[in-house]
S.K.: 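Mind looking over this structure? Questions follow.
To find a chain, count down the sequence lines: A is the first, B the second, and so on, and within it residues start at 1.
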Number of protein chains: 2
Amino acid sequence: METMTARPPTSSDVARLAGVSQATVSYVLNNRADSRVTEETRAKVLSAAEKLGYVRHAGARSLKTGNSGLVLLPLSDVPFGPLATRFIEDLDHELTALGYTMITYGARQARGMAAARAWAELRPAAIIVDTVKLTSASVGLLRKAGVKAVVGISPKPSTLVPTLVADQTEIGALAARHLRSQGRRKLAVIVPREDGLRDIGLDRREGFGAGLQIDLAFDPASAQEVLPLLRDIDGVFAYNDEYAMLLMSTLADAGIRVPDDIAIVGADDLPLARLLRPQLTTVALDISGTAAAVVTFLASLIDGTPATPPRLWTTHLIERSST
Amino acid sequence: METMTARPPTSSDVARLAGVSQATVSYVLNNRADSRVTEETRAKVLSAAEKLGYVRHAGARSLKTGNSGLVLLPLSDVPFGPLATRFIEDLDHELTALGYTMITYGARQARGMAAARAWAELRPAAIIVDTVKLTSASVGLLRKAGVKAVVGISPKPSTLVPTLVADQTEIGALAARHLRSQGRRKLAVIVPREDGLRDIGLDRREGFGAGLQIDLAFDPASAQEVLPLLRDIDGVFAYNDEYAMLLMSTLADAGIRVPDDIAIVGADDLPLARLLRPQLTTVALDISGTAAAVVTFLASLIDGTPATPPRLWTTHLIERSST
DNA sequence: ATCAACTGCTTATACGTATAAGCAGCCCTC
DNA sequence: GAGGGCTGCTTATACGTATAAGCAGTTGAT
């Protein structure tokens with residue numbers, strides 16, 4: 001309370017208390033190898049900084065050095081599960097190790113020029129963002145604002161920016177291959193009606209290949225509606241495990257047996273997949289090691305070295321009892 | 001590509017192109033009411049800024065004005081579902097409307113002094129953070145760094161900072177009341193073994209009152225292990241809907257009927273609650289309006305006006321078929 | 001006609017930091 | 001014992017912005 005009105009301590013305050021110049025404080029606190037400072041002076045500075053509760057001003061530093069050390073990760077519209085959460089955590093960990101500060105920017109609906117302006121204000125070193133949020137003009141703005149690495153995430157490579165390709169088609173393809181290997185021939189694919197999910201669903205469907213497309217909202221009523229479409233179907237790929245669950249509960253109510261009448265493959269290997277009865281066969285995504293590769297990639301771009309974007313994940317099928 | 005080496009345009013660049021002084025540019029772009037600028041000059045400035053792709057430097061602005069307009073929301077260790085996501089989005093929306101920039105800070109495991117220092121570097125106007133990440137010293141550091149509103153989130157009010165109380169006990173209490181009203185007397189409460197979840201679970205258990213506490217990891221094997229404990233139980237409150245699902249699938253395998261043998265109440269009203277068979281009775285949280293109240297509260301603290309933290313949610317029971 | 005008040009700008013400055021450049025004092029070397 | 005080079009600092013400066021203060025030119029009141 002006694003410090004309410006006092007302004008935050010600066011490096012000059014630290015210098016004054018330590019009896020040295022502000023420059024010396026800066027040299028000490030940044031641990032510059034080429035600065036020759038006595039161990040004694042160093043200790044004085046560190047103790048003064050500690051005593052004052054000094055914290056450097058990121059804005060001032062960014063102003064002077066021309067880069068903020070920030071990496072921006074504007075959140076996608078897609079509600080993300082354990083997988084994406086894990087990836088973000090890994091990414092943060094790797095970036096911190098390299099001295100960057102990762103920030104996930106809140107406004108999900110933000111896109112286009114207005115969003116780009118907001119991002120550019122922070123003068124980040126890099127930004128990783130869903131390509132649907134980018135336009136040619138906004139990429140230009142970001143580049144002009146000094147953002148070294150503008151990296152997209154998208155199911156398909158973008159022409160605007162280097163893109164981390166989240167290839168959805170191989171997920172569908174793997175599901176299709178498995179269903180066919182089980183002798184299923186009358187196939188269908190569930191595609192979500194929900195906005196953020198639909199495009200992903202269509203890509204998974206594309207990879208699946210031939211089969212009846214069934215649009216489904218995440219809602220029991222919607223599932224009830226599409227039930228007749230499954231009359232003549234013996235294998236379904238369900239976009240993801242949650243939609244598979246929705247389908248399975250509806251099928252159970254209708255007395256349709258899984259997998260005897262209809263085999264079902266989900267995707268994403270969510271925790272609930274093992275809890276369903278029958279347990280759900282699903283396409284799992286493996287992202288271990290991805291964050292490190294992405295960070296290496298970012299570092300290259302920031303250095304100006306050309307580099308190839310890494311793959312985001314590998315896929316494999318986990319066979320359980322629903323097929 | 002032609003602008004790769006050029007440094008980002010500054011307000012002085014805009015001024016030069018528009019043929020006015022840098023000060024005029026600043027007055028125009030900040031739309032200051034007390035600044036007297038001709039419509040003609042204003043147009044010249046805006047067009048020059050547009051042409052150059054000018055974006056102001058947030059760091060420099062924060063340096064000059066002494067505040068960054070940032071609101072920090074370091075993510076909690078608790079994996080959050082649709083509810084928390086919705087709250088964060090609402091919060092962002094409200095804060096944007098007031099001219100603040102909300103940032104969700106990545107490092108989940110970050111806490112204590114190191115984290116506080118990282119937060120303080122950005123000189124945010126406010127920070128909302130799980131109180132387990134705070135210490136007396138770190139709160140002091142943040143205050144000293146000029147953070148006007150240091151606000152905690154926690155199941156219990158904190159002595160360190162004004163706290164948004166996420167009261168878990170009323171959830172447990174509501175579940176207990178419902179089970180008793182159904183004539184259930186031999187009650188048990190599921191408490192998660194997982195780190196971030198356990199404390200929340202214990203609070204829900206506390207609100208539940210008398211009953212057997214069963215510690216459960218989110219894993220079918222763990223559920224199998226605790227099954228014998230349910231021999232003499234006729235009503236279970238399951239921490240949340242996901243744990244309820246785990247329990248239900250294990251009970252079904254064991255031939256124990258829900259709700260005939262055991263009634264089950266979940267919490268959080270996750271989408272999957274309606275997809276379980278029987279459909280899951282659950283304690284729902286209502287957070288509509290909370291974000292707006294929180295922002296009002298923050299604004300008060302930033303102004304220096306004393307204010308009382310708002311409630312985070314209200315609860316109500318949704319009765320379905322599992323009880 | 002005089003001067004105060006207003007208009008529409010410009011000039012000057014400070015915010016906190018990183019770092020280039022400078023500068024005493026000392027140690028070597030020959 | 002002169003001077004070159006090193007050590008351990010200090011001094012000075014620029015980054016981009018917001019805003020207080022100043023200042024010509026015009027208007028209005030008396």
S.K.: Applying the side-chain contact (heavy atoms from CB on, under 4.5 Å) criterion to A/Val161, which one of A/Val151, A/Leu134, A/Ile153 satisfies it?
M.R.: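 One option only clears the test, and that one is A/Leu134.
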
S.K.: With side-chain contact (heavy atoms from CB on, under 4.5 Å) as the test, pick out the partner of B/Val28 among B/Val14, B/Val20, B/Val45.
M.R.: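 That would be B/Val45.
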
S.K.: Determine, for nucleotides 14-24 of chain D in 5'-to-3' order, which nucleotides have protein heavy atoms under 4.0 Å from the base (write B), from only the sugar-phosphate (write S), or from neither (write -).
M.R.: BBBBBBB----

S.K.: Please indicate whether A/Lys51 has more than 12 foreign heavy atoms, meaning atoms of other residues, nucleotides or ligands, lying under 6.0 Å from its NZ.
M.R.: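 Not more than 12 within 6.0 Å, no.
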
S.K.: Answer yes or no: is there a donor N or O on one side and an acceptor on the other, between the side chain of B/Asp303 and the main chain of B/Thr305, under 3.5 Å?
M.R.: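 Answer holds: no.
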
S.K.: Among side-chain atoms of A/Thr131 and A/Ser154, is any donor-acceptor pair under 3.5 angstrom?
M.R.: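 Side chains of A/Thr131 and A/Ser154: pair found under 3.5 Å.
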
S.K.: Within the structure shown, what part of the strands sits under 4.0 Å from B/Ser62 by heavy-atom distance: base, sugar-phosphate, or nothing?
M.R.: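 It contacts nothing in the nucleic acid.
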
